[in-house]
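Below you'll find the structure, written out as structure tokens, and then a few comments.
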2 protein chains.
Amino acid sequence: MEEKIERLWNEVRELSLGSNSNAIETLPSPPSPIHFLRDFVSKNKPCLISNAVAHWPALSLWPDLSYLSTVLSNTSVSLHLTPDGRADSVVNDSLFASAHVECVPFTRAIDLVLNTTNAQSVAYLQQQNDCFRTEYNELAGDSDPHLPWATEAIGSLPEAVNLWIGNHKSETCFHKDHYENLYVVVSGEKHFLLLPPTDVHRMYIRDYPAAHYIYSKESEGQLKLEMEEPLRYVPWSSVNPYPCPEDRQKEVAKYPLYFNGPDPFKCTVKAGQVLYLPSMWFHHVRQSPGDGGCTIALNYWYDMQFDIKYAYFNFLESLPFGSRLIGTNCEVSDVSRRKLRDGCNSVSIMGAVESNEDYEND
Amino acid sequence: MEEKIERLWNEVRELSLGSNSNAIETLPSPPSPIHFLRDFVSKNKPCLISNAVAHWPALSLWPDLSYLSTVLSNTSVSLHLTPDGRADSVVNDSLFASAHVECVPFTRAIDLVLNTTNAQSVAYLQQQNDCFRTEYNELAGDSDPHLPWATEAIGSLPEAVNLWIGNHKSETCFHKDHYENLYVVVSGEKHFLLLPPTDVHRMYIRDYPAAHYIYSKESEGQLKLEMEEPLRYVPWSSVNPYPCPEDRQKEVAKYPLYFNGPDPFKCTVKAGQVLYLPSMWFHHVRQSPGDGGCTIALNYWYDMQFDIKYAYFNFLESLPFGSRLIGTNCEVSDVSRRKLRDGCNSVSIMGAVESNEDYEND
């Protein structure tokens, strides 16, 4: 079985994605709707598109943060706060941690994003709930409400449009979305790692108990993790593709399918470019700020087709792969249940959650 | 594993194909290229289209066989001959049998198709090698060289266009093609059974040694089977979806995944209609003659995309399914090898090939 799944990883690359490179196809101008549908959406294949949004006022206006602060001077927005820039990520191989979310005036929020030194937390303006068309409505005229060639190809208007303003410390961990994603960078650069859905076993997805960051009275401005009540499990990948050098050997041993398998596709999306990130592709994102000090991006989520490809994916995901992560769901769940039973549902990110070594001795 | 594969059969139907019916979607007029690509080709989903070829002179001209005989009076065409109307089919669970093919004057060929009583063989005018654009070039003006909405959707002209003229005795056994298939009925009706590629295990595909029908000196006008030399194996399904009543119980026991699984999709294509038969779908075809006494059809084979769907299919097909056919590849091969070793490479269709019972006692 393992051998057959590995053959699938390679066959998808050989047939469709290009096996000789981990770069993705680039288009010098937006494709026609039928070209986009035939060669990318239908094939579930990413591409990077230049010159698709060159006419947007946003490209020149938004990198000037004083412009944004003026236009949004009376607007409050959703701000995500984490201790380390990683929201929606697995912490200590044991918990799925969501950001602390506050609604704050835009001008205050942007200050927190820019002030990266000596801060106890990393601020990221984002909310994946169609925030651009709700919170940032004042900016609507600076961009297009949809990407016409994508809309015509997919056959419907975007389900959500989300704005992202952050700094170099924010990073999005490996995950997939049930949407066709058109990702436009307006300022700075986004650095994507991409894996096709057929590589699902390389992501080591496990069910983790959900927690979120909170400020508590006792925490003196530090974010702490609080378990969700009632207990909820979130299937998530804990693969960190960029471990620090001293952890690398350990991480490779824990996630050999990721580190020893085919290279992920790599793609840097520059200001003015659009990435087509196909539904169900696993993606990890880091970012570099533009001249104004922030990375600014807008992404369009279009409905995906739940068709034969999706059914095949669910089937593949349901199959076991021999290699197993140290620290299984069961162990994680036991720890979490014990914590809850003991009345401890708030844990500091540093130290209080058992380390992986503790699990092994559990 | 078996349970997961069965869930896949159902999920494809529930998500994409419509689980409450074994009918396929019908369109009252040809779709736009983008509609056809988005909702059918990309989803690998069949549809039946009316009013797409209403302007073809062929619809009124071809059912009059005297018209065809006049236009093709100087033309020789490929004629397929079999004892029972089944070419490219598994015979006695032991051999893959191809038709005897002759190049004969069209007028002679059409006589053989029409003369179904007292004939020792069943004649079928067909050749899946682009025969319409080569052998039947005189008829080109009566139809269109391609279906414009399909050509624009798929992005290329047809790779082959094939003409089929046969009688009610000819039948096409379950198989799949590596093409997107647009199937136009011009006279009479074609009755399709369709199964999606995800049902591959229900087809009981095994490698069979290839043979073809020949006339030999000694056969007194009867077709006999001759093993191909050198020995060649063809992977094929031996499921007969319409066993005669007295064999039904035995066939259900041999092919329980086919007979006890979800119903195949059923579709009758009438004169003037077009079936979109997606690449890799298994199909079985029977036919009813039109007024002129023949069933006449034209099919357009367009290139398929060898993309993630194809890779998923290959992966699925490579997985074992617990239930096994009585008489495996190995046994079949042994018998064939023995035949060749014993110098017997020509066998009559009736009797000389061991029956399935013989295998079990082998």
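A note on names: the letters A, B, ... follow the listed sequences, proteins ahead of strands, and every chain is numbered from 1. Only this structure's heavy atoms are used, side chains among them; waters, hydrogens and symmetry mates stay out. Predicted model, so just to flag it, every value in this text is computed and none were measured.
- Judged as a salt bridge (charged side-chain N to carboxylate O under 4.0 Å, His left out), and not counting sequence neighbours, the contacts of Lys45(B) are Glu25(B).
- Options Val12(B), Asn44(B), Leu17(B), Leu37(B) differ in how many heavy-atom pairs under 4.5 Å they form with chain A, and the most are formed by Leu37(B).
- Between Tyr204(A) and Tyr255(A), the distance from one ring center to the other falls under 6.0 angstrom.
- Here the CZ atom belonging to Phe192(B) is positioned 6.0 Å from the CG atom belonging to Leu277(B), to the nearest 0.5 angstrom.
- Of the listed residues Pro197(A), Ser42(A), Ser16(A), Gly155(A), the one with more heavy-atom pairs under 4.5 angstrom with chain B than any other is Ser42(A).
- Here CG of Leu257(B) is found 9.0 Å from NE2 of His201(B). Values are rounded to the nearest 0.5 Å.
- Of the residues considered (Thr198(A), Val41(A), Asp39(A)), Thr198(A) shows the highest number of contacts with chain B, using heavy-atom pairs under 4.5 Å.
- Within the 4.5 Å cutoff, side-chain heavy atoms of Val161(B) are placed close to those of Leu298(B).
- When Lys43(A), Arg38(A), Arg7(A), Glu152(A) are compared by the number of non-hydrogen pairs under 4.5 Å with chain B, Arg38(A) comes out ahead.
- How far CH2 of Trp281(A) is from OH of Tyr276(A): 9.5 Å, rounded to the nearest 0.5 Å.
- At a heavy-atom separation below 4.5 angstrom, chain A is approached by Gln305(B), Phe306(B), Asp307(B), Ile308(B), Lys309(B), Tyr310(B), Ala311(B), Tyr312(B) within residues 304-312 of chain B.
- Between atom CG of residue Leu275(B) and atom OG1 of residue Thr26(B) there is a gap of 11.5 Å, rounded to the nearest 0.5 Å.
- With a 4.5 angstrom heavy-atom cutoff, Ile5(A) touches chain B via backbone and side-chain atoms both.
- Look at Arg13(A) and Asp199(A) and you find a salt bridge, because one of the NZ, NE, NH1 or NH2 atoms lies within 4.0 Å of a carboxylate O, short of that distance.
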